Every structure is written in structure tokens, then in C-alpha cells.
There are 2 protein chains.
Amino acid sequence: MDERQVGSLSFSIDFSQPLYEQILTQMRSLIARGTIGLGEKIPSVREMAHELKINPNTVMHAYQELERDGLTEKRRGQGTFATTSMMKIKQFKERFALEYAQDFLENMHSLGFNLNEIHTYLTRLSQEKGHRKND
Amino acid sequence: MDERQVGSLSFSIDFSQPLYEQILTQMRSLIARGTIGLGEKIPSVREMAHELKINPNTVMHAYQELERDGLTEKRRGQGTFATTSMMKIKQFKERFALEYAQDFLENMHSLGFNLNEIHTYLTRLSQEKGHRKND
DNA sequence: CAAGCGTATTATATCATATGATACACTTGA
DNA sequence: TCAAGTGTATCATATGATATAATACGCTTG
């Protein structure tokens, strides 16, 4: 694992996943959580590539996905910016939360757990971790 | 999507995932849920390959993972059998349930949801689906 | 108009995935 | 005994995703 700063942002890069997916996931989180504010400029393709020591094409790949997610808006000659639409971020979060929850339910179901057991399991796990700070 | 019978078992194969992963996931589920009983013989590598119209090597790949999971035992010259150990199945289920739950919590967390919101979300979703039969 | 943007193209390399063919060692039942 | 059915191993080959590298174009701003 490798922790790198790009401007005020921190990215952790390893080899467990495709590089563009790691950038994508972490940028999504930064925007969804509001660490990057509405309309705020995000690092340019070249800057990201240089700071993370990876190829600009790889960063491009991630940035194009962000655009499809509705989380960013690109302005030619200026750069890439977080969306100014709170609604788009809300929609993104709803969409992915739904997907994550469905996948989770489906996975647990395929192991033979029913809804009661799934709830019990998640409650137990989240209580174990529950003494961490709220955020 | 393509639904195929292998002996008394049904497999659905598409191109959304690697073939060996689809076999692996579905075999895991069949054993974890008890559709395939303790010590029961599972289809041979060649039979699976023939019925699913895929390469034996691809089936082998999946079967070797099942072995590592502790869900099957191979007997040279005889075939592959579901484990006779209820304990191993229980351990498998615990391990994956933990992994699925942790991934889910982490994913939701990265979207900015806190534990309360996660629970609310999952409850809402499982209630929507809740009128399906228990199984 | 230079510097910094996103974008496009072409080439190359590696790895995971999948297929195909063949062969070997083992077990069972006829 | 031996044929048939097992798991296993080893080649070769093909494709797609991932990543790098180099280069160039069009747009925007100071």
C-alpha cells in the first residue's frame, strides 16, 4: 500500500485492484462524502498522473467514469470540477447504496442465510465496530 | 443468460463474469445451502465441461477453488465429493458472511452513510423484498 | 501567445481468462 | 485383466482488460 498526496487530497494505491478503479472509487467517495465540495476543481489528469506516478491515460479512464456517474463536469481548457448539483450526488449515492445492499442480500442469501439471520449478523458486526467514531 | 442442467443440478451461465467464477459461486451456494448433501458426489470435471459446453480446464479452475474453500474432497479415480464435515461448511459460511458484511459496511461508509443510515437502508430494502417466500 | 487544460491516436506489454489437444495416474466394475 | 471413468498436468494459442509510452490537437485563460 502506498499513500500519496495530490494537492490537499490523499490517495492510497496498491496492486490489489486496477489502478483506474482505485482512483475512481476514492474520487467517488471524496465527492459523495463532501470532502470535495460542490463545483470544486479536482486535480487535472496530468497532475494526478504525475503525483501518483502513473500514466495519464489511466487517470483519464477513471475521470471518464466519474463523468458518467454524474459526479463531475469537464470544461475544456479549464479542468474537471465536481458537479454543482446536490441532486446528482444524492442520486449517485442512492443508486450505489441500492446496488451494494442488493448485492449484500443476494450474497448472504446464496450462503443460505435468511433475512432474520442477515440482520442479526450485520447488527453483531456493526456493534463490534461500533465503538469507532461517528463519521 | 443460459440455464443448463447437469444431472439434477441447474446452472445459469452468462458472460457477465468469468466462467469459472460462475461455476464456483453456484457450486459454493449449492453446498452451503445443502442442495448438495454432505459427502455427496458432484459432477465430474468432464461431465460439467460437456454439459455446460465449456473447456474442462475452466471447470478444473473452479473445482480447485472449491477444494481450497474446504467445501469438496477429491478422490483420484473416483471423483469430487462435497465435504463430509458440517463444521467446514459452517466455517466457510462464517468466513464469507463476515467478508460480505464487512465489504458492505465499507462500501456504504465510503458513500458517507453512517451505521444508523445503513441499518435503515437495509431494513427498508429487505422489507420491500420481504413479501417473497422464506427460504 | 504560452501555459495548462481535456482529448485522441497509435503502439507495445503483461496478465487473466478461456479454449484445445494430449497424456498420465488412479479407481472401479465388468 | 482391462476398459471406462476419474482427477491432474502440460503444452500451445487466442482474446480482452489493464497499463504504459509518445505524440498531437483544440480549447481557455492570463
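Protein chains get the first letters and strands the later ones, always in sequence-line order, with residue 1 at the start of each. Given the structure is predicted, the values throughout are model-derived calculations rather than measurements.
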Residues in side-chain hydrogen bond (donor to acceptor under 3.5 Å, both in side chains) contact with A/Thr35, at least two apart in sequence or another chain: none
- prompt: A/Glu65 side chain to A/Ala62 main-chain N or O, any donor-acceptor pair under 3.5 Å?
  reply: no
task: Considering only heavy atoms of chain A and a distance under 4.0 Å, specify the first and last nucleotide of DNA chain D in 5' to 3' order that meet this criterion.
output: D/dT18 to D/dT29
query: B/Gln5: what forms a side-chain hydrogen bond (donor to acceptor under 3.5 Å, both in side chains) with it, not counting sequence neighbours?
result: B/Ser10
message: Checking A/Ala49 now: which residues fulfil side-chain contact (heavy atoms from CB on, under 4.5 Å) with it, not counting sequence neighbours?
response: A/Pro56, A/Val59
Could you tabulate the donor-acceptor pairs under 3.5 Å formed by side-chain atoms of residues 19-30 of chain B, not counting sequence neighbours?
| unit_1 | atom_1 | unit_2 | atom_2 | d |
| --- | --- | --- | --- | --- |
| B/Gln22 | OE1 | B/Asp14 | N | 2.9 |
| B/Gln22 | NE2 | B/Asp14 | O | 2.8 |
| B/Gln22 | NE2 | B/Asp14 | OD1 | 3.4 |
| B/Gln22 | NE2 | B/Gln17 | O | 2.9 |
| B/Thr25 | OG1 | B/Glu21 | O | 2.8 |
| B/Gln26 | OE1 | B/Ser12 | N | 2.9 |
| B/Gln26 | NE2 | B/Ser12 | O | 2.8 |
| B/Gln26 | NE2 | B/Gln22 | O | 3.3 |
| B/Arg28 | NE | B/Asp69 | OD2 | 2.6 |
| B/Arg28 | NH2 | B/Asp69 | OD1 | 3.3 |
| B/Arg28 | NH2 | B/Asp69 | OD2 | 3.0 |
| B/Ser29 | OG | A/Ser110 | O | 2.9 |

Side-chain donor-acceptor contacts of residues 75-91 of chain A below 3.5 Å, not counting sequence neighbours, with atom names and distances?
| unit_1 | atom_1 | unit_2 | atom_2 | d |
| --- | --- | --- | --- | --- |
| A/Thr83 | OG1 | A/Glu73 | OE2 | 3.4 |
| A/Thr83 | OG1 | A/Ser85 | N | 3.0 |
| A/Ser85 | OG | A/Met87 | N | 3.3 |
| A/Ser85 | OG | A/Lys88 | N | 3.0 |

statement: With sequence neighbours left out, the residues meeting side-chain hydrogen bond (donor to acceptor under 3.5 Å, both in side chains) with B/Glu94 are A/Tyr121
statement: the helix from C/dC1-D/dG30 to C/dA30-D/dT1: angle between terminal helix axes, five bp per end, to the nearest 10 degrees, reads 10°
message: Output one letter per nucleotide in nucleotides 7-14 of chain C: B when a protein non-hydrogen atom lies under 4.0 Å from the base, S when only the sugar-phosphate is that close, - when neither is.
response: B-B-----
- prompt: Given that A/Pro18 and A/Gln78 both sit by DNA chain D, which one's nearest nucleotide is further toward the 5' end?
  reply: A/Pro18
- request: For residues 36-55 of chain A, pull every pair meeting salt bridge (charged side-chain N to carboxylate O under 4.0 Å, His left out), keeping only residues two or more places apart or in separate chains.
  value: none
statement: Sorted by position of nearest nucleotide on DNA chain C, 5' first, the leading residue of A/Pro43 and B/Arg75 is A/Pro43
Partners meeting side-chain contact (heavy atoms from CB on, under 4.5 Å) with B/Asn55 (sequence neighbours left out): B/Asn57, B/Thr58
message: Enumerate the ring pair (Phe, Tyr, Trp, His ring centres under 6.0 Å) contacts for residues 22-48 of chain A, please, sequence neighbours excluded, ordered by first and then second residue.
response: none
